[in-house]
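Everything on this sheet refers to the single structure shown next.
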Amino acid sequence: MTVSTRTLDVPGAVLTYDVANPATPSAAPALLLIGSPMGAGGFGTLRSSFDDRVVVTYDPRGVERSTLAPGAAPTAPGTHGDDLHRLVEALGGGPVDVFASSGGAVNALAWVAAHPEDVGTLVAHEPPLPSALPDAAEASAAMLALHETYLRQGWGHAMAGFIALVSHEGPVPADWAQRPAPDPAAFGLPTQDDGTREDPMFAANMVTLNTYAVDVDAVRAAPTRVVVAVGAESGETLAARGARAVAAALGGEAVVMPGDHGAFLGGEYGQTGVPDQFAPALRTLLAG
């Protein structure tokens, strides 16, 4: 498999993406592996399991190699969706298959709603979407509180609060946003504020995910086959609950896949899931 790195100018940003071409490609459409704020670097292990087809990974605008115009507002899912539409056009047009994880799954749902002709099959894995939950107000407030903690105290304190929130099982308590953030040192995180405020998760995603709701009618009307997936080991965490709620809103049930939220990781970002189980399950889902 040969990998080429390319760039794409889009309004307000320059995207960097990688195209992996197999020595002997199958007839299957190109497969996009996307996250948010996770970039292309999170999908190396998963990409290696699909060495029989063209696989495309990218860094969302403002993440790793992809740049944002100075002074840009936090990027909303709809803007990410438009970026992905332009990326597919640069590849020669759709439909493509898509595996989208976490915030990437939210962006992919916005993409399908706006540009349904681009995507043949979408596997949306654990979209952490508070608007779909019965406790939407509490979940949204908790996510916004992480953004505010980041602005006040920096990355370490915000990440400690993030770990606590995404590990919590069940509805978000009404007072969660008012609780003090955990001690970063308890998680081996830095306690000192380095002064930067450019982290895409805390500067942008914690804000933009709070204001986005899936356009259910548009997604259901799309020709795209949408599969919402949840990890077998994800329990009642916010992302897992989001997946089940989105699937129900679309008129179905979430498909259970091996592992948890990071099941496809094989050491990327220091995390290892169950990639040897996850990749075959994903291949089966994509095959329909």
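Numbers here are sequence positions counted from 1. All values derive from a computational prediction rather than experimental measurement.
- Put simply, the side chain of Thr191 never gets that close to the backbone of Ala185: no donor and acceptor are under 3.5 Å apart.
- Residues Arg86 and Pro11 are in side-chain contact: their nearest non-hydrogen atoms beyond the backbone lie under 4.5 Å apart.
- No side-chain heavy atom of Pro184 sits under 4.5 Å from any side-chain heavy atom of Pro190.
- For His147 (side chain) and Phe202 (main-chain N/O), a donor-acceptor pair under 3.5 Å exists by modelled atom type.
- Using modelled atom types and a 3.5 Å distance limit, the side chains of Thr75 and His80 yield no donor-acceptor pair.
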Task: Stepwise side-chain contact (heavy atoms from CB on, under 4.5 Å) check, Leu189 with Trp155 - done: CA-CA 9 Å; Leu189 298 168; Trp155 183 84; 3.8 Å; yes
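- Using a distance-only test at 3.5 Å, with no hydrogens or angles considered, a donor-acceptor pair links the side chain of Arg283 to the main chain of Ser49.
- A pairwise comparison of heavy atoms in Ala240 and Val230 identifies CB-CG2, 3.6 Å as the closest pair.
- Between Pro77 and Val106, the shortest heavy-atom distance links the atoms CG-CG1, 3.9 Å.
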TODO: Decide side-chain contact (heavy atoms from CB on, under 4.5 Å) for Val3 and Arg47; before the verdict, give the C-alpha distance in whole Å, the side-chain angles of both, and the deciding distance to 0.1 Å.
DONE: CA-CA 11 Å; Val3 180; Arg47 181 177 69 185; 3.9 Å; yes
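- Rounded to the nearest 0.5 Å, atoms CG (Asp9) and OG1 (Thr67) are 8.5 Å apart.
- When every heavy atom of Gly81 is checked against every heavy atom of His115, the shortest pair comes out as O-CD2, 4.1 Å.
- Taking the six-membered ring for Trp and thresholds of 30 and 60 degrees, Phe278 and Phe99 have ring planes more than 60 degrees apart, a perpendicular arrangement.
- Summarising the geometry of Val172 relative to Arg241, their closest heavy-atom pair is N-NH1, 4.4 Å, with the distance given to 0.1 Å.
- Under the 4.5 Å side-chain heavy-atom criterion for grouping Ile, Leu, Val, Met, Phe, Trp and Tyr, Val88 is connected to Val98 within one hydrophobic cluster.
- Hydrophobic clustering (side-chain heavy atoms under 4.5 Å, transitive across Ile, Leu, Val, Met, Phe, Trp, Tyr) keeps Ile34 apart from Leu68.
- Across all their heavy atoms, Gly288 and Arg225 have their closest contact at CA-NH2, 3.4 Å.
- Two residues are said to be in side-chain contact when any heavy atoms from C-beta on lie closer than 4.5 Å; Leu91 and Tyr17 meet this criterion.
- Without hydrogens or angle criteria, Thr211 side chain to Thr208 main chain gives a donor-acceptor distance under 3.5 Å.
- With rounding to the nearest 0.5 angstrom, the CH2 atom of Trp176 is 11.5 Å from the CG atom of Asp135.
- Put simply, the side chain of Glu268 gets close to the backbone of Thr45: a donor and an acceptor are under 3.5 Å apart.
- Here the CG atom belonging to Asn205 is positioned 8.0 Å from the CE atom belonging to Met143, to the nearest 0.5 angstrom.
- The closest side-chain heavy-atom distance from Asp199 to Met159 is not below 4.5 Å.
- You'll find the side chain of Val10 reaches within 4.5 Å of the side chain of Arg61, heavy atoms only.
- For the pair Arg197 (side chain) and Ala203 (backbone), a donor-acceptor distance under 3.5 Å is absent.
- Atom CD of Gln178 sits in a crowded spot, with more than 12 heavy atoms from other residues, nucleotides or ligands closer than 6.0 Å.
- The closest side-chain heavy-atom distance from Glu126 to Ser234 is below 4.5 Å.
- Connection of Met201 to Met38 is not established within any shared hydrophobic cluster, with ILVMFWY side chains joined at heavy-atom distances below 4.5 Å, either directly or through further cluster members.
- Panel note: side chain Tyr212, backbone Pro130; no donor-acceptor pair is recorded below 3.5 Å.
- Rounding to the nearest 0.5 Å gives a distance of 4.5 Å between OG1 of Thr121 and CG of Asp97.
- A donor-acceptor pair under 3.5 Å is formed between the side chain of Asp59 and the backbone N or O of Ala40.
- Inter-residue side-chain proximity for Phe162 and Met206 is flagged as met; some heavy-atom pair is nearer than 4.5 Å.
- Side chain of Asp118 to main chain of Gly94: no donor-acceptor pair is present (N/O by atom type, distance under 3.5 Å, no hydrogens or angles).
- Within 6.0 Å of CD on Glu169 lie more than 12 heavy atoms contributed by other residues, nucleotides or ligands.
- In summary, the side chains of Asp18 and Thr5 do present a donor paired with an acceptor at a separation below 3.5 Å, with no hydrogens or angles considered.
- Summarising the geometry of Ala229 relative to Ala243, their closest heavy-atom pair is O-CB, 3.6 Å, with the distance given to 0.1 Å.
- Counting only heavy atoms from C-beta outward, the side chains of Val96 and Val56 never approach each other to under 4.5 Å.
- Residue Val14 is not grouped with residue Val63 when hydrophobic side chains (ILVMFWY) are merged at heavy-atom distances under 4.5 angstrom, including chains of intermediate members.
- Atoms CG and CZ, from Leu33 and Phe50 in turn, are 7.5 Å apart once rounded to the nearest 0.5 Å.
- The hydrophobic cluster containing Val246 does not contain Leu285, counting ILVMFWY residues as joined when their side-chain heavy atoms lie under 4.5 angstrom apart, directly or transitively.
- In this structure, CG in Asp52 is found 10.0 Å from OG1 in Thr24, a value given to the nearest 0.5 Å.
- The main-chain N or O of Pro29 is found under 3.5 Å from a side-chain atom of Arg53 such that the two form a donor-acceptor pair.
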